2 protein chains.
Amino acid sequence: MTETVPTGAPGRAALLRAMEELAREQGVNGVGLREVARRAGLSHAAPTHFFGSREGMIRALALEGLALLDDELCTAQERAARLPGRERLVADSLEFVAFAQRNPAHYDAMFRTPSIANGDDVLDRARLAALGGLRALVVDVHAAGDITGDIETTFLQLCAMSHGIASLAVDGLLHGFDELAPGDSGMDIAERIIRAQVAQLP
Amino acid sequence: MTETVPTGAPGRAALLRAMEELAREQGVNGVGLREVARRAGLSHAAPTHFFGSREGMIRALALEGLALLDDELCTAQERAARLPGRERLVADSLEFVAFAQRNPAHYDAMFRTPSIANGDDVLDRARLAALGGLRALVVDVHAAGDITGDIETTFLQLCAMSHGIASLAVDGLLHGFDELAPGDSGMDIAERIIRAQVAQLP
DNA sequence: AGCGCGTGCTTTACATTGTCAAGCCCCGCG
DNA sequence: CGCGGGGCTTGACAATGTAAAGCACGCGCT
């Protein structure tokens, strides 16, 4: 459950990289302790040694991803700092979806693996923290008078929409809508939905 | 991959029921061929006999769920037929996430299991068919002049939002937002987001 | 009546997985 | 020198997914 070993071993990093690669190919629930070990060039029990269990291993990927997302949302927010208010909301939401598309393995572990999700304070906290940037942005834009609706509701709307699109993207289901939006790539569809959504906010 | 045996065996139904029960308790990727067989009172190889493989078994659950959802959305639409246009959109979207909450196992198999998702025409078709009801509703409401925005975009928005909320609900993550909306149950939060969303449509 | 034969399932077998217990190597500190 | 503890391996076990072969029985056919 919890990590058996502090953190900062050489093999640990190799295992994380191998796991991410595997999860990218097969999805998170296709990752196996032994296959990860094999790819990292270690013995079959190395992962259990570091992560305690399969669940612990995936949890580690989730935590890594949450830190990464937090970072990326921050820099995206800085980059967009001088844009008009609503554009900043678009940029942030889009960045969220792009992150999921770029790091599907991490995203899957972070937000879509309930066995990991439930009853883990550290993880719950990290999730809220990573989303905190978006919430703060909503507050800002509201304070600047660019949007006027209820802050909580607006935040929930953006979260639901972003997670919905990201989930579809991770599962490769966004292409299922191709017939409706022919020629568009996943990100094109995402941007279209997000722009419409943000434009409609009161 | 494909089913080994037509359909309509006595044991097959028992297996499906057992699988749904198991998936409800453990999530879809916690279901195992052998455990399902045990619960259904059959030999450990019965599931492979009927479904060909673990993947095939989950696929069967997905197909069952898609048929179910199709039905429920239809009757929900009939029930709401005399409501004002936007209320009908609310009712349909709400019914969608209520379905996910009531049948998390099915929903998981239907929309959140990429190993099943990819390259399966029958499944893709069934998914679009189940969503077709919502699309038709959008067209109707648009034709009645109750909404005026682009039909495709509106449809995509509603899909993304509904799937986002449903996914959070299935993963038990909606409660993570409790601090923001204290005292609300999952469905309360869902309704709040959906109402805001529909009200904002142009 | 007897004979297949296909549907519906079981039995046996095997490779692979997650997990646990024990052990080995080696660096740093006493 | 020793010895302790990180960092990892080896070995074993129960459980899983999959494949192949086999059994029972009801149906149609002659």
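Chain A is the first sequence line, chain B the second, and so forth, proteins listed ahead of strands; every chain is numbered from 1. Worth saying up front: this structure is predicted, and the values here are computed from it rather than measured.
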The side chain of [X] lies closest to which of these nucleotides: [options]?
| X | options | result |
| --- | --- | --- |
| Arg54(B) | dT10(D), dG17(D), dT10(C) | dG17(D) |
| Phe50(B) | dT19(C), dT11(C), dG8(C) | dG8(C) |
| Arg38(A) | dT16(D), dT17(C), dT10(C) | dT17(C) |

Rounded distance (Å) that lies between atom [atom2] of [N] and atom [atom1] of [X]:
| X | N | atom1 | atom2 | result |
| --- | --- | --- | --- | --- |
| Arg39(B) | dT16(D) | CZ | P | 12 Å |
| His49(B) | dG17(D) | NE2 | P | 18 Å |
| Leu33(B) | dT18(D) | CG | P | 6 Å |
| Phe51(B) | dC9(C) | CZ | P | 11 Å |
| Arg12(B) | dG8(C) | CZ | C1' | 13 Å |
| Glu55(A) | dT17(C) | CD | C1' | 16 Å |
| His44(B) | dA14(D) | NE2 | P | 17 Å |
| Met57(B) | dG17(D) | CE | P | 7 Å |

Over all heavy atoms of both residues, which pair between Val170(A) and Ala100(A) is shortest? Give the atoms and the distance, please. CG2-O, 3.9 Å
Residues Arg79(A), Asp92(A): salt bridge by 4.0 Å N-O rule: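 The answer is no: the pair does not qualify as a salt bridge.
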Any chance you could lay out the side chain to side chain donor-acceptor pair (under 3.5 Å) test for Gln200(B) and Gln157(A), step after step, and finish with the verdict? CA-CA 11 Å; Gln200(B) 289 164 23; Gln157(A) 275 185 267; 3.0 Å; yes
Side-chain donor/acceptor of Thr48(B) to backbone N/O of Ser53(B), under 3.5 Å: no
Nearest nucleotide by nearest heavy atom, which residue falls closer to the 5' end of DNA chain D, Arg34(A) or Glu35(B)? Arg34(A)
